[in-house]
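See structure below.
Here, residue 1 is the first one in the sequence, and each next residue gets the next number.
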Amino acid sequence: MRGGSKIKLIVFSALILIGCEPKPQPINYGSDECAYCRMMITDAEFGSQIVNNQGRAYKFDSVECMAAYDLTEDGENVHSKWVPNFLDREEWLNAEDAVYLHSETLRSPMGLFLSAYRDRSSAEEMREEYGGEIVDYESVKEIVEREWLSNGSGGQQMMNR
């Protein structure tokens with residue numbers, strides 16, 4: 001194999017691998033079921049997902065259900081976690097890079113009042129209107145742990161497995 005052919009083969013292989021990268025899948029609102037609480041997913045501004053290394057998407061009706069699943073399931077096979085930009089439902093954000101608003105005047109489907117944003121300035125604009133605090137994904141998991149998992153109220157009781 002000549003040098004030019006090797007380079008073409010490497011480039012072609014890299015393009016195939018990039019094209020196969022696990023990514024968020026479309027959510028069928030009104031028919032897909034939350035992988036954590038088993039409720040129907042209906043709100044595009046909250047529907048979230050975890051994608052495993054094989055490309056399978058575990059879909060959730062809220063950021064808090066995704067975080068609860070993340071906290072209670074084995075994370076060995078997790079490729080990525082995705083949340084919708086509250087201001088642009090078509091845009092998927094990496095959950096660990098997103099910025100969250102925890103505001104008790106902006107209700108989310110499961111009642112922990114969490115919404116996701118692309119950047120801090122977008123979250124700040126919403127905070128000015130709705131109040132609350134701006135947090136990162138680790139803080140979201142702490143909120144879920146404190147409000148649902150540690151006291152058994154909500155999160156664990158909603159799980160029908």
Would you call [X] and [Y] a side-chain contact if the rule is heavy atoms closer than 4.5 Å?
| X | Y | result |
| --- | --- | --- |
| D70 | I50 | yes |
| M66 | Y58 | no |
| V140 | V63 | yes |

State the [atom1]-[atom2] distance between [X] and [Y], to the nearest 0.5 angstrom.
| X | Y | atom1 | atom2 | value |
| --- | --- | --- | --- | --- |
| W148 | L71 | CH2 | CG | 10.5 Å |
| E125 | D119 | CD | CG | 8.5 Å |
| I143 | E138 | CD1 | CD | 11.5 Å |

Applying the 4.5 Å side-chain criterion to the ILVMFWY set and letting contacts propagate, would [X] and [Y] be lumped into a single cluster?
| X | Y | result |
| --- | --- | --- |
| L149 | M39 | yes |
| F60 | L101 | no |
| V83 | Y137 | yes |

Just wondering, more than 12 heavy atoms not from Q54 lying within 6.0 Å of its CD?
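Yes.
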Exam field: side chain [X] to backbone [Y], donor-acceptor pair closer than 3.5 Å:
| X | Y | answer |
| --- | --- | --- |
| S122 | R118 | no |
| S103 | Y130 | yes |
| H102 | L112 | yes |
| S62 | M110 | no |
| Y69 | C37 | no |
| S108 | L106 | no |
| E96 | N94 | no |
| K141 | E64 | no |
| D32 | N28 | yes |

Going through the distances and angles, do R107 and F113 end up as a side-chain contact (heavy atoms from CB on, under 4.5 Å)?
CA-CA 5 Å; R107 186 165 177 78; F113 309 100; 3.9 Å; yes
Full working for side-chain contact (heavy atoms from CB on, under 4.5 Å) between Y29 and I41
CA-CA 5 Å; Y29 297 99; I41 305 171; 3.7 Å; yes
Shortest non-hydrogen contact from [X] toward [Y]:
| X | Y | answer |
| --- | --- | --- |
| S48 | W92 | CA-CZ3, 4.2 Å |
| E91 | L93 | OE2-CD2, 3.6 Å |
| A57 | Q25 | CB-CG, 3.5 Å |
| E76 | N53 | O-ND2, 3.9 Å |

Is the shortest side-chain N to carboxylate O distance from R120 to E124 below 4.0 Å?
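Answer for the salt bridge query: yes.
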Under the criterion side-chain contact (heavy atoms from CB on, under 4.5 Å), I'd like the reasoning laid out for E142 against V144: C-alpha separation, chi angles, the key distance, then a yes or no.
CA-CA 5 Å; E142 289 170 10; V144 169; over 6 Å; no
Answer with yes or no whether the side chains of [Y] and [X] bring together a donor and an acceptor at under 3.5 Å.
| X | Y | result |
| --- | --- | --- |
| E45 | N85 | no |
| Y117 | S115 | yes |
| S139 | D136 | yes |
| Y36 | D61 | no |

List the steps and the verdict of side-chain contact (heavy atoms from CB on, under 4.5 Å) for R89 and D43.
CA-CA 9 Å; R89 300 169 192 169; D43 297 316; over 6 Å; no
Walk me through whether F46 and F86 qualify under ring pair (Phe, Tyr, Trp, His ring centres under 6.0 Å).
CA-CA 7 Å; F46 298 105; F86 187 81; 5.6 Å; yes
